[in-house]
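Here's the structure we're looking at; comments come further down.
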Amino acid sequence: MSTISIIAAIADNNAIGKNQQLLWSLPYDMKRFKSLTTGHAVVMGRKTFESLPNGALPNRKNVVLTTLPEAIFMDSFACESMHDALNLCENEDEVFMIGGAMVYRQALKIADKMYLTLVHHTFEDADTFFPEIDYSEWIETERQDFPADEKHAYPYTFVTYIRKK
Ligand SMILES: NC(=O)c1ccc[n+]([C@@H]2O[C@H](COP(=O)([O-])OP(=O)(O)OC[C@H]3O[C@@H](n4cnc5c(N)ncnc54)[C@H](OP(=O)(O)O)[C@@H]3O)[C@@H](O)[C@H]2O)c1
């Protein structure tokens with residue numbers, strides 16, 4: 001069985017995006033994302049795929065959810081359901097649910113693990129939000145705080161959770 005992991009960066013008001021883009025540039029968060037997901041499968045919604053600046057993420061099995069039967073995504077697999085996506089990844093040790101909101105809503109019900117980056121700022125003009133997390137279902141296993149600096153406009157925290165058995 002694969003470990004199903006959510007990886008997301010979430011602002012104080014649960015904001016995750018605006019106009020099909022991220023709301024911030026946090027290079028150290030991108031570095032962590034790359035190092036955690038490289039060599040694994042990443043599952044994303046069609047809109048998130050379309051927002052990637054350089055298309056499919058290299059050195060990862062890219063799986064794109066879409067209801068459009070004819071959809072073709074370069075260097076990626078298209079799947080018409082989460083069930084199909086998970087079947088396609090059944091031999092992977094870890095499958096990362098990388099967004100966006102629509103995918104996170106489905107993933108939150110089935111994930112074993114969450115790698116969250118809490119971005120300590122409220123983005124009033126966001127249009128996409130992470131679903132409410134019931135923290136009573138999760139155990140925090142790691143936490144690291146970082147201040148804002150010249151490359152990171154906001155302070156942020158890396159937190160890892162595993163689902164309670
Ligand atoms: N902060 C973060 O960590 C983070 C991470 C990722 C994305 N984002 C942001 O999130 C926003 C995009 O999120 P979103 O919720 O609008 O879109 P999304 O989840 O990326 O994509 C939604 C689309 O995925 C397809 N889809 C989702 N679940 C499906 C299923 N079970 N079966 C078949 N198709 C399925 C549908 O595509 P069709 O319409 O083609 O059928 C749906 O319209 C952007 O602003 C992006 O920058 C933020």
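We use all heavy atoms of the structure for the numbers below, so side chains are in, but hydrogens, waters and symmetry mates are not. One-based numbering along the sequence shown. We count ligands from 1, going down the list as the structure has it; atoms in each ligand are counted the same way.
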Item to check | Derivation and outcome, side-chain hydrogen bond (donor to acceptor under 3.5 Å, both in side chains), residues Thr38 and Asn59 | outcome: CA-CA 6 Å; Thr38 293; Asn59 307 314; 5.8 Å; no

Checklist entry - Does Trp24, backbone or side chain, put an N or O under 3.5 Å from an N or O of ligand 1? => result no

Checklist entry - Does Arg105 have a non-hydrogen atom less than 4.0 Å from ligand 1? => result no

Checklist entry - Below 4.0 Å from any atom of ligand 1, is there a heavy atom belonging to Met44? => result no

Next on the checklist: What's the separation between atom CZ in Phe73 and atom OG1 in Thr66, rounded to the nearest 0.5 Å?
Outcome noted: 4.5 Å

Item to check | Polar contact flag, side-chain donor to acceptor under 3.5 angstrom, Thr122-Asn13 | outcome: no

Checklist entry - Side-chain contact, heavy-atom cut-off 4.5 Å: Phe77 with Lys61? => result yes

Item to check | Candidate list Lys165, Lys164, Arg163, test salt bridge (Lys or Arg N to Asp or Glu O under 4.0 Å), partner Glu137, passing option | outcome: Arg163

Checklist outcome for this item: Leu68 heavy atoms within 4.0 Å reach ligand 1 at atoms 40 (O)

Checklist outcome for this item: Looking at His83, Gln106, Lys47, the heavy atom closest to atom 31 (N) of ligand 1 belongs to Gln106

Item to check | Pairwise distance CD1(Ile4) to NZ(Lys109) - rounded to 0.5 angstrom | outcome: 13.0 Å

Item to check | For Ala9, atoms of ligand 1 separated by under 4.0 Å from a heavy atom | outcome: 1 (N), 2 (C), 3 (O)

Next on the checklist: Among all the protein's non-hydrogen atoms, which is closest to atom 48 (C) of ligand 1, and how far away is it?
Outcome noted: Ile16 O, 3.2 Å

Checklist entry - Quick one: does ligand 1 sit under 4.0 Å from the side chain of Thr128, the backbone, both or neither, non-hydrogen atoms only? => result side chain

Item to check | Any N or O of Ile7 closer than 3.5 Å to N or O of ligand 1 | outcome: no

Item to check | ligand 1 contact by Tyr104, heavy-atom criterion under 4.0 angstrom | outcome: yes

Checklist entry - If you round to the nearest 0.5 Å, how far is OG of Ser51 from CG of Asn19? => result 11.5 Å

Next on the checklist: Which residues pass the side-chain contact (heavy atoms from CB on, under 4.5 Å) test with Leu36, not counting sequence neighbours?
Outcome noted: Ile7, Arg32, Phe96, Tyr115

Checklist entry - What atoms in ligand 1 come closer than 4.0 Å to a heavy atom of Met82? => result 31 (N)

Next on the checklist: Within the 4.0 Å heavy-atom shell around Lys18, which atoms of ligand 1 are there?
Outcome noted: 45 (O)

Checklist entry - Where do Asp12 and His121 land on the side-chain hydrogen bond (donor to acceptor under 3.5 Å, both in side chains) test, with the steps shown first? => result CA-CA 6 Å; Asp12 286 344; His121 186 79; over 6 Å; no

Next on the checklist: Among all the protein's non-hydrogen atoms, which is closest to atom 25 (C) of ligand 1, and how far away is it?
Outcome noted: Leu65 O, 3.1 Å

Checklist entry - Who pairs with Thr3 by side-chain contact (heavy atoms from CB on, under 4.5 Å), at least two apart in sequence or on another chain? => result Ser5, Glu94, Asp112, Lys113

Item to check | Any N or O of Ser51 closer than 3.5 Å to N or O of ligand 1 | outcome: no

Checklist entry - What part of Ala101 sits under 4.0 Å from ligand 1 if we count only heavy atoms: the side chain, the backbone, both or neither? => result both

Checklist entry - Hey, is ligand 1 close enough to Gln21 that some N/O pair sits below 3.5 Å? => result yes

Checklist entry - For atom 42 (C) of ligand 1, what's the nearest protein heavy atom and its distance? => result Met102 SD, 3.4 Å

Next on the checklist: Under a 4.0 angstrom heavy-atom cut-off, which atoms of ligand 1 come close to Gly17?
Outcome noted: 45 (O)

Next on the checklist: Taking atom CD1 as the centre, does Ile72 end up with more than 12 heavy-atom neighbours from other residues, nucleotides or ligands that are less than 6.0 angstrom away?
Outcome noted: no

Checklist outcome for this item: Closest heavy-atom approach to atom 12 (C) of ligand 1 among Thr48, Val103, Leu22 is made by Thr48

Next on the checklist: Can you tell me which portion of Ile98 lies within the under-4.0 Å heavy-atom range of ligand 1? Options are side chain, backbone, both, or neither.
Outcome noted: backbone

Item to check | Backbone or side-chain N or O of Asn19 under 3.5 Å from ligand 1 N or O | outcome: no

Item to check | CD1 on Ile10 to OG1 on Thr157, rounded to 0.5 Å | outcome: 12.0 Å

Checklist entry - What atoms in ligand 1 come closer than 4.0 Å to a heavy atom of Glu80? => result 32 (N), 33 (C)

